[in-house]
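Numbering of ligands and ligand atoms starts at 1, following listing order. Position 1 is the first residue of the sequence; numbering continues from there. Both backbone and side-chain heavy atoms feed into the values below; hydrogens, waters and symmetry mates do not.
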Amino acid sequence: MGKTGYFSHQDCWLHEMGPGHPECPGRLDAIEDRLLVTGVADALERCEAPQASLADIELAHNRLHIAAMRGLTDWLREEVEAGGPPYTQVDPDTSMNLHTWNAALRAAGAAMAATDAVLAGELENAFCAVRPPGHHATRDKAMGFCFFNNVAVAAKYALQRHNLNRVAVVDFDVHHGNGTEDILAGDERALMVSFFQHPFYPYSGDQAPAANMVNVPVAAYTRGMDIRDIVEMMWIPRLEAFKPELIFISAGFDAHREDDMGQLGLTEQDYTWITQRIKDVARKHCQGRIVSCLEGGYVMGPLARSVEAHVRVLADI
Ligand SMILES: [Zn+2]
């Protein structure tokens with residue numbers, strides 16, 4: 001049994017998007033409190049997330065997008081120094097503060113450092129407790145609380161820098177991972193499997209744009225048992241046939257029954273079951289190698305309990 005890494009960084013707490021915003025630093029506090037109080041944290045290898053290099057971010061994003069994010073940060077710094085407000089809006093529900101840039105580099109850096117450690121055999125798998133999340137960030141724009149696509153950057157990094165031939169991305173967030181799809185669709189070295197509430201934000205994904213995308217739109221109020229059937233019948237056979245060398249998870253927990261950001265009916269038990277099925281595939285094909293990155297999950301209790309359930313399976317406890 002290998003070790004499970006837990007990657008995070010203090011910078012991920014400093015990014016915030018204004019009072020009352022659901023994608024808030026308290027999410028990480030809720031997760032850490034839960035892992036500490038349950039003793040799960042004791043079983044994890046705590047790792048400091050490094051900053052991603054811009055050259056690595058460019059594996060998944062175009063230079064104009066990266067320059068725009070950096071430019072907005074510089075502009076905001078001048079505005080704040082001149083007495084302006086501490087935030088600047090990048091889309092109707094996404095804004096930056098002076099710490100967003102560093103947090104986004106740490107979040108992507110966590111995913112890549114976890115990839116390095118898992119591929120080196122130092123860890124069997126890893127969970128990255130990071131924010132901002134990533135799966136809505138497309139090649140050329142920030143949206144839906146996301147700036148850089150942590151999982152897509154790390155997937156490209158595994159392919160380009162580690163010369164892997166096959167990486168899988170599993171996305172169980174309630175929202176369609178449109179950004180990851182934008183970046184990975186048509187790249188036959190990657191396979192992405194997901195389910196997501198539909199029709200729902202970001203109103204995409206009902207038509208898979210390429211053969212390497214397994215998109216399963218589901219209606220509001222779909223329950224966990226039906227989701228398990230989807231995983232068993234539509235994800236697992238594709239993952240088994242693909243024989244991934246590394247599996248990434250876009251681990252959003254906003255499909256939880258008690259999370260009112262979405263209207264799906266998953267519970268902690270469902271996250272345990274899904275994680276176990278992914279782990280079965282990973283153990284069979286790639287020595288258990290999994291890099292999981294936090295995406296959504298906005299109600300503190302169910303978020304914290306679901307992350308605990310997920311990490312318990314990763315760490316075999
Ligand atoms: Zn989400």
Undergrad: Is it true that L164 and I290 fall in one hydrophobic cluster, defined by side-chain heavy atoms closer than 4.5 Å?
TA: no
Undergrad: Would you please classify the geometry between the H65 ring and the H61 ring as parallel, tilted or perpendicular, with 30° and 60° separating the classes?
TA: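 It falls in the tilted class, 30° to 60°.
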Undergrad: Indicate whether any N or O donor in one side chain lies under 3.5 Å from an N or O acceptor in the other, for Y271 and Q276.
TA: no
Undergrad: In D173, which N, O or S atom comes closest to the Zn ion (ligand 1)?
TA: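 Closest N, O or S atom of D173 to the Zn ion (ligand 1): OD1.
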Undergrad: Return the name of the atom in D254, of element N, O or S, nearest to the Zn ion (ligand 1).
TA: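 The atom in question is OD2.
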Undergrad: Using only N, O or S atoms, tell me which atom of H175 is closest to the Zn ion (ligand 1).
TA: ND1
Undergrad: Could you see if L191 belongs to whatever hydrophobic cluster contains V170? Use Ile, Leu, Val, Met, Phe, Trp, Tyr and a side-chain cutoff under 4.5 Å.
TA: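 Per the 4.5 Å side-chain linkage, L191 and V170 are co-clustered.
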